[in-house]
Visitor: 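Questions regarding the structure given below will be posed in turn.
Numbering of residues begins at 1 and proceeds along the displayed sequence.
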Amino acid sequence: MLVLRACTPLLLLLPVSVAAQVVERTDKQAQDQLPSRWSAGLAVVHRDSEYAGEGTRTRLYPNIAYDGDRFYLRGAALGYRAYKDERFELRTFIAGRLDGLDADDFGVVELARRGVDRNLLSDRDDSVDLGVGASWKGAAGKLDLDARFDVSGASEGYAASLDYSYPLTLGRTTLVPSVGAVRLSADMADYYYGILDEEVARGVVAYRPGAATVPRASVSLIHPFAKRWALLGNIEYRALPDVLQDSPLVELDKDNSTSVFVGISRGF
């Protein structure tokens with residue numbers, strides 16, 4: 001049978017970390033339903049950004065991926081399963097955190113509404129995360145725990161997430177609703193949502209949100225067809241906590257962010 005192993009090297013070149021992580025988590029859900037090793041296809045990711053003036057982005061990606069007994073490529077992550085049985089999995093991985101943002105990606109007018117001059121801002125860099133993850137699966141559903149640490153020195157922070165999912169089978173189609181949250185450390189939240197020291201020195205009003213918890217909910221769809229083909233989709237909603245909504249880098253009155261992923265792939 002076929003599974004969509006949605007992993008594209010191009011994701012490592014583009015600032016769409018949230019979309020890349022949506023692909024990664026969706027792929028974990030698909031793994032339980034449609035095991036396979038190699039797949040290739042195309043994927044479309046549409047994201048409504050929370051950053052001031054960045055707006056929405058829709059991009060088409062090539063989709064090449066691998067899932068082995070020990071090693072896997074998933075989203076922007078290369079992982080190794082240290083232990084796996086029918087109910088439990090322990091893994092380590094290295095992944096690109098693509099939350100980097102060029103100052104020019106912000107909107108001049110939208111930032112001005114928050115009292116910020118875009119010319120005084122610095123870029124936020126992508127990073128490389130080293131992580132550990134664990135999954136527990138049973139009759140009541142599945143729990144996924146994930147912790148990632150920036151080892152490249154961009155934010156020098158970490159993010160930890162916990163998600164619960166439960167698959168629902170409708171004929172050949174599987175729906176996987178999921179709820180969870182990601183906890184950003186103070187260093188990581190301050191870097192991507194706060195005002196940097198160098199920006200304060202240029203005259204931007206200081207803001208540091210500190211540690212923040214971002215709730216999220218999603219629904220994934222996995223539908224195999226024509227023997228070796230599969231359709232995979234996901235829609236995810238992220239609710240921004242007050243400390244992130246108050247960031248001068250976030251669109252005024254923006255309290256959420258959404259991502260939609262649709263892919264088609266052929267297994268080999």
Side-chain angles (χ1 to χ4, degrees), residues 11 13-23 25 44-61 76 96-127 150 154-155 157 159 161 179-219 234-262:
L11 285 173
L13 305 176
L14 297 169
V16 287
S17 181
V18 172
Q21 291 173 23
V22 165
V23 171
R25 292 194 303 277
V44 176
V45 177
H46 177 83
R47 185 193 172 201
D48 176 22
S49 172
E50 66 270 31
Y51 286 109
E54 189 179 21
T56 60
R57 293 186 178 186
T58 302
R59 287 178 172 150
L60 178 68
Y61 302 114
R97 176 171 293 277
L98 314 178
D99 287 331
L101 193 68
D102 291 339
D104 290 343
D105 291 337
F106 290 102
V108 173
V109 174
E110 290 81 1
L111 279 179
R113 294 192 187 115
R114 305 301 303 252
V116 177
D117 181 349
R118 190 179 71 176
N119 294 324
L120 302 180
L121 294 182
S122 300
D123 298 338
R124 269 62 176 174
D125 295 330
D126 297 333
S127 71
D150 175 9
S155 72
S161 62
V179 294
V182 57
R183 176 73 172 179
L184 303 178
S185 71
D187 286 337
M188 185 166 287
D190 289 347
Y191 183 74
Y192 289 110
Y193 290 93
I195 301 301
L196 307 179
D197 289 341
E198 62 202 61
E199 296 167 336
V200 174
R202 297 182 194 128
V204 184
V205 177
Y207 183 78
R208 290 183 175 271
T213 299
V214 182
R216 62 192 182 193
S218 68
V219 177
N234 174 280
I235 181 169
E236 178 175 284
Y237 174 89
R238 301 167 68 244
L240 299 179
D242 289 343
V243 291
L244 298 189
Q245 292 182 46
D246 292 341
S247 167
L249 303 181
V250 170
E251 189 87 35
L252 190 64
D253 298 326
K254 185 77 170 179
D255 62 2
N256 68 85
S257 176
T258 57
S259 297
V260 178
F261 163 79
V262 177

Visitor: Do Asp48 and Lys254 have side chains that approach each other closer than 4.5 Å (heavy atoms only, starting at C-beta)?
Guide: yes
Visitor: To check you understand the geometry: which heavy-atom pair defines the closest contact between Leu240 and Gln245, and what is its length?
Guide: O-NE2, 2.7 Å
Visitor: Kindly determine whether Ser155 and Arg97 satisfy side chain to side chain contact (heavy atoms under 4.5 Å, CB included), including the steps that lead there.
Guide: CA-CA 11 Å; Ser155 72; Arg97 176 171 293 277; 5.8 Å; no
Visitor: Under 3.5 Å, side chain of Asp123 to main-chain N/O of Ala103, donor-acceptor pair present?
Guide: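 Yes, Asp123 side chain to Ala103 backbone: donor-acceptor pair under 3.5 Å.
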Visitor: Begin from the C-alpha positions of Asp99 and Arg124 and carry the test side chain to side chain contact (heavy atoms under 4.5 Å, CB included) through to its verdict.
Guide: CA-CA 8 Å; Asp99 287 331; Arg124 269 62 176 174; over 6 Å; no
Visitor: Side chains of Arg47 and Ser259 only: does a donor on one sit below 3.5 Å from an acceptor on the other?
Guide: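 Side-chain D/A pair, Arg47 to Ser259: absent.
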Visitor: For Asn256, is there any backbone N or O sitting under 3.5 Å from a side-chain donor or acceptor partner on Glu50?
Guide: no
Visitor: Grab the two heavy atoms, one from Arg183 and one from Ala211, that are nearest each other, plus how far apart they are.
Guide: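 The pair with the smallest heavy-atom distance is NH2-CB, 3.4 Å.
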Visitor: Which atom pair, heavy atoms only, marks the closest approach of Tyr193 to Pro209?
Guide: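 Nearest heavy atoms, Tyr193 then Pro209: CB-CG, 4.1 Å.
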Visitor: I'd like to know if the side chain of Arg118 reaches the main chain of Gly107, judged simply by a donor and an acceptor atom lying under 3.5 Å from each other, with no hydrogens or angles considered.
Guide: no
Visitor: Is there a donor-acceptor contact under 3.5 Å linking the side chains of Arg202 and Ser122?
Guide: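 Side chains of Arg202 and Ser122: pair found under 3.5 Å.
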Visitor: Are side-chain heavy atoms of Thr258 and Ile235 found at a separation under 4.5 Å?
Guide: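 SC-SC contact between Thr258 and Ile235 ruled out.
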Visitor: Which heavy-atom pair separates Gly210 from Ala189 by the least distance, and what is that distance?
Guide: O-CB, 3.1 Å
Visitor: Please evaluate residues Asp125 and Tyr191 with respect to the criterion side chain to side chain contact (heavy atoms under 4.5 Å, CB included), reporting the C-alpha separation (whole Å), side-chain torsions for both, the decisive distance (0.1 Å), and the verdict.
Guide: CA-CA 9 Å; Asp125 295 330; Tyr191 183 74; 3.6 Å; yes
Visitor: Do the side chain of Asp117 and the main chain of Asn119 share a donor and acceptor less than 3.5 angstrom apart?
Guide: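 Between the backbone of Asn119 and the side chain of Asp117 there is a qualifying donor-acceptor contact (under 3.5 Å).
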Visitor: Are the side chain of Asp150 and the backbone of Ser127 linked by a donor-acceptor contact shorter than 3.5 Å?
Guide: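 No; judged by distance alone, with no hydrogens or angles, the pair does not exist.
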Visitor: Provide the closest heavy-atom pair for Ala212 versus Pro241 in the form atom of the first, atom of the second, distance.
Guide: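 Residues Ala212 and Pro241, closest heavy atoms: CB-CG, 4.1 Å.
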Visitor: One pair to check against side chain to side chain contact (heavy atoms under 4.5 Å, CB included): Val205 and Ile195. What are the steps and the verdict?
Guide: CA-CA 8 Å; Val205 177; Ile195 301 301; over 6 Å; no
Visitor: Using atom types as modelled and distance alone, determine if a side-chain donor or acceptor of Ser49 lies under 3.5 Å from a backbone N or O of Glu54.
Guide: no
Visitor: Does the side chain of Leu244 reach to within under 4.5 Å of the side chain of Arg238, using non-hydrogen atoms?
Guide: no
Visitor: Can you see which heavy atom on Asp246 is nearest to which on Tyr207, and at what distance?
Guide: CB-OH, 3.5 Å
Visitor: Kindly assign one of parallel, tilted or perpendicular to the pair Phe106 and Tyr51, based on the angle between their ring planes and the thresholds 30° and 60°.
Guide: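 Taking Tyr51 first and then Phe106, their aromatic rings stand perpendicular (interplane angle over 60°).
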Visitor: Side chain to side chain contact (heavy atoms under 4.5 Å, CB included) with Arg208: which of Asp197, Val200, Asp187?
Guide: Asp197
Visitor: Are the side chains of Leu121 and Glu199 in contact, using a 4.5 Å heavy-atom criterion?
Guide: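 Glu199 reaches Leu121 side chain to side chain.
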Visitor: Donor-acceptor check, side chain of Arg114 to backbone of Leu249, threshold 3.5 angstrom: yes or no?
Guide: no
